[in-house]
Amino acid sequence: DGGITQSPKYLFRKEGQNVTLSCEQNLNHDAMYWYRQDPGQGLRLIYYSQIVNDFQKGDIAEGYSVSREKKESFPLTVTSAQKNPTAFYLCASRPVGQGADYGYTFGSGTRLTVV
Amino acid sequence: KNEVEQSPQNLTAQEGEFITINCSYSVGISALHWLQQHPGGGIVSLFMLSSGKKKHGRLIATINIQEKHSSLHITASHPRDSAVYICAVDNTDKLIFGTGTRLQVFP
């Protein structure tokens, strides 16, 4: 079945360490997105990519980096520069340029705790 | 003021009740999405609307573009409907999310 796989589901890291969250999709979607969710707040966009080897900053990109070397993969690195990295991270994808029905598909998320 | 506002923030219901969750937005949109988030965190897309009304099983979503308002209705609610329901709008190729409505349905 097609979908988005995020791994791991839970991740613990020490303060000051970089950590990379995986997001893989087999839907042949062009666009991929990373969102952050904090309690009591709506999801906020970190980075997005509409095509391989290209990506744009979202609303809260500081302290994060991404790459898009393959269409199916969009890993997110949380760097030590991110001041408050403990959060729930969601990856999403959607097709581009296929007419009106361009709904999003979401992953199951990674809960990152920095201690 | 948030660009996407949902009400209520929390909702409890008895099994069988009719549920309505509201979403208002203040930006131009190309589509509006209703999403469901279960306690594990994963999100499922329920509806994508650009006009009118859509129905899927016991779920109905409506949108009024002129009033910038959408509603999600659940008929004959069931405990398995307990989740967070999130409204999100498509604005210049990006989603803007509401903060969600936490629904608990008791038997």
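Because the structure is predicted, anything quoted here is derived from the model rather than measured. To find a chain, count down the sequence lines: A is the first, B the second, and so on, and within it residues start at 1.
The CD1 atom of B:Ile43 sits 12.0 Å away from the OG1 atom of A:Thr105 when rounded to the nearest 0.5 Å. Atom CZ of A:Arg94 is separated from atom NE2 of B:His33 by 7.5 Å, given to the nearest 0.5 angstrom. Atoms CG and CD1, on A:Asp59 and B:Ile96 in that order, are 8.0 Å from each other to the nearest 0.5 Å.
In this structure, the portion of B:Gln37 lying under 4.5 Å from any heavy atom of chain A is its side chain and not its backbone. For B:Leu95, the parts sitting under 4.5 Å from any heavy atom of chain A are the backbone and the side chain alike. Of the atoms belonging to A:Gln37, it is side-chain heavy atoms, and not backbone ones, that fall under 4.5 Å from chain B. For A:Leu45, the part sitting under 4.5 Å from any heavy atom of chain B is the side chain, from C-beta outward, and nothing else.
For the pair A:Leu43 and B:Phe97, the tightest heavy-atom approach, listed with the atom from each and the gap, is O-CD1, 3.3 Å. What you find for A:Phe88 and B:Gly42 is that their closest heavy atoms are CZ-N, 4.4 Å. When all heavy atoms are compared, the tightest approach of B:Ser45 to A:Tyr104 is CB-O, 3.7 Å.
Within a 6.0 Å radius of CD in A:Glu15, no more than 12 heavy atoms belonging to other residues, nucleotides or ligands are found. The neighbour count for B:Glu15 CD, taken as heavy atoms of other residues, nucleotides or ligands under 6.0 Å away, is above 12. Within a 6.0 Å sphere centred on CD1 of A:Ile51, other residues, nucleotides and ligands contribute 12 heavy atoms or fewer. No more than 12 heavy-atom neighbours from other residues, nucleotides or ligands sit within 6.0 angstrom of CD on B:Gln9. The 12-atom threshold is not exceeded at CZ of B:Arg102, counting heavy atoms of other residues, nucleotides or ligands nearer than 6.0 Å. At most 12 heavy atoms of other shown residues, nucleotides or ligands fall within 6.0 angstrom of atom NZ in B:Lys53.
Interface summary for chain B: among A:Gly58, A:Gly109, A:Ser108, the most heavy-atom pairs under 4.5 angstrom belong to A:Ser108.
Cluster membership check: A:Ile46 does not share its hydrophobic cluster with A:Tyr35, using side-chain heavy-atom separations under 4.5 Å among Ile, Leu, Val, Met, Phe, Trp and Tyr. Linking Ile, Leu, Val, Met, Phe, Trp and Tyr residues whenever their side-chain heavy atoms come within less than 4.5 Å places A:Val114 and A:Leu11 in a single cluster.
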